[in-house]
Number of protein chains: 2
Amino acid sequence: MAVTDEAIEKIKGMIVSGALRPGDRLPKESELASELGLSRNSLREAVRALSLIRILDVRQGDGTYVTSLDPQLLLEAMSFVVDFHRDDTVLEFLAVRRILEPAATAMAASRISEQQIDALSAQLDKLGDSPSVEELVACDLDFHRGIVQSSGNSVLCSLLDGLSGPTTRARIWRGLTQEDAVSRTLHEHRAILAALRDRDGEAARSWATVHIASVEQWLRSTL
Amino acid sequence: MAVTDEAIEKIKGMIVSGALRPGDRLPKESELASELGLSRNSLREAVRALSLIRILDVRQGDGTYVTSLDPQLLLEAMSFVVDFHRDDTVLEFLAVRRILEPAATAMAASRISEQQIDALSAQLDKLGDSPSVEELVACDLDFHRGIVQSSGNSVLCSLLDGLSGPTTRARIWRGLTQEDAVSRTLHEHRAILAALRDRDGEAARSWATVHIASVEQWLRSTL
DNA sequence: TGCGCTGAGACGTCGGATGTCTCAGCTCAT
DNA sequence: ATGAGCTGAGACATCCGACGTCTCAGCGCA
């Protein structure tokens with residue numbers, strides 16, 4: 001195994017074993033390099049790799065730190081990975097979302113606060129009659145994220161956030177310019193909110209399923 | 001933005017745009033470095049980072065290639081990330097698995113072949129009366145993976161594989177030494193197989209839910 | 001007391017040298 | 001003619017040392 005890979009494993013080991021805790025600062029590059037028995041260049045490759053997946057946080061002029069290791073932060077790296085997938089696997093990602101999102105929405109029904117529902121509702125109202133694609137994407141993302149956050153499961157939340165990555169979603173919306181599709185989507189969003197307001201988990205689950213399925217159906221007919 | 005980060009983005013862009021396709025070979029390090037306008041050392045950091053998440057495959061003495069970009073391969077990187085999570089988030093991961101696995105099992109009910117069911121059944125029989133922890137973990141992993149693969153959704157499969165990463169699962173089994181827990185788990189496995197053999201998706205879903213929930217319950221009482 | 005400067009410390013980037021590995025193509029004995 | 005084995009070119013692996021840039025704490029001045 002290459003020295004860089006060894007270094008990655010060793011640093012991982014230090015974190016998993018608890019020798020390094022979230023927020024801790026690593027020894028400076030030159031010291032850590034000699035501790036692990038490799039050159040600074042090779043160590044930097046290891047640190048850079050761990051930094052890409054949000055395990056380490058490198059601050060120039062300051063030092064290198066272990067991140068908070070929050071699920072939210074770590075799974076954020078997943079959206080980077082999702083971006084690489086080609087169109088032919090988008091449907092599979094959507095199928096997974098179709099499983100997770102209704103469940104998350106149902107969970108949110110018993111936990112979401114009135115204020116949050118009001119806020120989400122207000123945001124929908126704010127969207128004009130002919131919003132731009134960028135506005136639609138941002139609104140859609142916020143809407144679903146807002147609800148899923150109320151599921152109380154941060155892993156679930158991050159996972160869905162990654163699955164519905166900006167690229168994928170933008171790609172979907174880009175072709176979704178038909179007027180009726182937009183209005184239907186907004187209508188479904190309102191229906192989900194209404195179910196949440198009624199604390200009706202099953203209705204919320206069903207509307208979420210319908211919502212995702214309609215996108216899925218449209219996408220399947222287009223591809 | 002650092003030159004290395006720029007390089008990561010540029011390479012990502014080349015792949016996402018289709019300029020580089022799966023299996024393609026990248027220009028040699030020195031050439032690519034000058035193309036992107038940075039030193040070979042810095043480029044190597046970018047390549048190493050993309051290699052960690054299985055976007056690139058570096059072969060010493062040969063060259064650097066774009067991987068197949070299969071969902072299976074890319075989400076494999078997730079298990080690396082999952083390993084970093086501490087015990088307090090294991091329950092959240094399990095909750096997500098509780099959503100996905102029953103759905104995947106139900107999907108498998110209509111697609112799994114008789115041979116696969118027989119193979120899984122034989123594997124359960126092969127497990128003796130007092131298997132070691134290693135055997136239990138391996139068997140449990142194989143069992144669930146075998147079923148989920150039959151769901152026909154490779155993203156779902158990889159996701160579950162990552163969620164039930166070796167570390168997490170081993171950690172759970174390690175404390176699960178009570179005799180009755182082991183026998184109950186095996187009983188549940190057989191029940192799932194029976195439901196699959198009957199092509200009864202709803203029964204399979206329910207047994208899978210019960211199965212995960214029992215682990216969840218045990219874990220909750222222990223933590 | 002507070003602003004701004006300044007220097008030490010740490011990461012960022014670079015170029016070059018050398019080691020190691022892979023693969024293709026050649027040599028040569030069969 | 002064919003196959004094993006050798007060999008050299010090419011490409012990644014690793015290291016060293018130097019210099020640039022950034023951050024932060026501490027000092028000095030208004």
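Residue numbers begin at 1 in each chain, while the letters A, B, ... track the order of the sequences. Predicted model only: the values in this text are computed from it and were never measured.
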Trainee: Does the Ser42(B) side chain pair with the main chain of Ser39(B), one donor and one acceptor, at a distance under 3.5 Å?
Mentor: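 Here the side-chain-to-backbone pair does not exist.
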Trainee: Tell me yes or no: between the side chains of Asp161(A) and His144(A), is some donor less than 3.5 Å from an acceptor?
Mentor: no
Trainee: By the 4.0 Å heavy-atom rule, please label Arg40(B) as base, sugar-phosphate, or nothing.
Mentor: base
Trainee: For dA11(D), take OP1 and OP2 only and decide whether either is under 4.0 Å from a side-chain N or O of Thr64(B).
Mentor: no
Trainee: Enumerate the protein-to-nucleotides 19-21 of chain C contacts in which both atoms are nitrogen or oxygen and the separation is below 3.5 Å.
Mentor:
residue: dT20(C); atom: O2; partner: Gln60(B); partner atom: OE1; Å: 3.1
residue: dC21(C); atom: O4'; partner: Gln60(B); partner atom: OE1; Å: 3.0

Trainee: Parallel, tilted or perpendicular for Phe93(A) and His85(A), by the 30°/60° rule?
Mentor: perpendicular
Trainee: Let me know the distance between CG of Leu43(A) and P of dG17(D), rounded to the nearest Å.
Mentor: 17 Å
Trainee: Could you report the tightest heavy-atom contact between Leu141(A) and Ser164(A), atom names first, then the distance?
Mentor: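 What the structure gives for the nearest pair is CD1-O, 3.8 Å.
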Trainee: More than 12 non-hydrogen atoms from neighbouring residues, nucleotides or ligands closer than 6.0 Å to CD on Gln217(A), yes or no?
Mentor: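 No, the 6.0 Å shell around CD holds no more than 12 heavy atoms from other groups.
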Trainee: Assess whether a salt bridge exists between Arg190(A) and Asp125(A), defined as any Lys/Arg side-chain N lying under 4.0 Å from an Asp/Glu carboxylate O.
Mentor: yes
Trainee: Distance from Leu156(B) atom CG to Glu92(A) atom CD, nearest 0.5 Å?
Mentor: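 Taking CG in Leu156(B) and CD in Glu92(A), the distance rounds to 9.0 Å.
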Trainee: I want to verify a distance call: between dC12(D), dA13(D), dG17(D), whose nearest atom is closest to the Arg48(B) side chain?
Mentor: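 Closest of the options to the side chain of Arg48(B): dA13(D).
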Trainee: Output yes when at least one side-chain N/O atom of Ser42(B) is less than 4.0 Å from OP1 or OP2 of dG12(C), else no.
Mentor: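 Checking dG12(C) against Ser42(B), no side-chain N or O comes under 4.0 Å of OP1 or OP2.
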Trainee: Rounded at 0.5 Å granularity, tell me how far CG in Asp24(B) sits from OH in Tyr65(B).
Mentor: 10.5 Å
Trainee: Could you tell me how far apart Arg44(B) (CZ) and dT13(C) (C1') are, to the nearest whole angstrom?
Mentor: 15 Å
Trainee: Using whole Å, what does the distance between atom P of nucleotide dA10(C) and atom CG of Asp57(A) come to?
Mentor: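 Answer to the nearest Å: 17 Å.
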Trainee: Among residues 20-39 of chain A, which ones have heavy-atom contacts with DNA chain C below 4.0 Å?
Mentor: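 Arg25(A), Lys28(A), Glu29(A) - these, ordered by number, are the residues of the stretch whose heavy atoms sit under 4.0 Å from the strand.
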Trainee: N/O contacts under 3.5 Å, protein versus nucleotides 3-7 of chain C?
Mentor:
none

Trainee: Without decimals, in angstroms, what is the distance between Asn41(A) CG and dC12(D) P?
Mentor: 16 Å
Trainee: Can you tell if the side chain of Glu6(B) reaches within under 4.5 Å of the side chain of Lys10(B), non-hydrogen atoms only?
Mentor: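 In short, these two side chains touch, coming nearer than 4.5 Å.
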Trainee: Is it true that Asp57(A) and Arg25(A) make a salt bridge, defined as a side-chain N closer than 4.0 Å to a carboxylate O?
Mentor: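 Salt bridge between Asp57(A) and Arg25(A), a charged N being under 4.0 Å from a carboxylate O: no.
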Trainee: Return the 5'-most residue of the pair Arg59(A), Glu45(A) with respect to DNA chain D, ranking by each residue's nearest nucleotide.
Mentor: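 Checking each residue's closest nucleotide, the 5'-ward one belongs to Glu45(A).
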Trainee: Taking only Lys NZ, Arg NE, NH1 and NH2, and the carboxylate oxygens of Asp or Glu, determine whether Asp5(B) and Arg48(A) approach each other closer than 4.0 Å.
Mentor: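 Judged by the 4.0 Å cut-off on N to carboxylate O distance, Asp5(B) and Arg48(A) do form a salt bridge.
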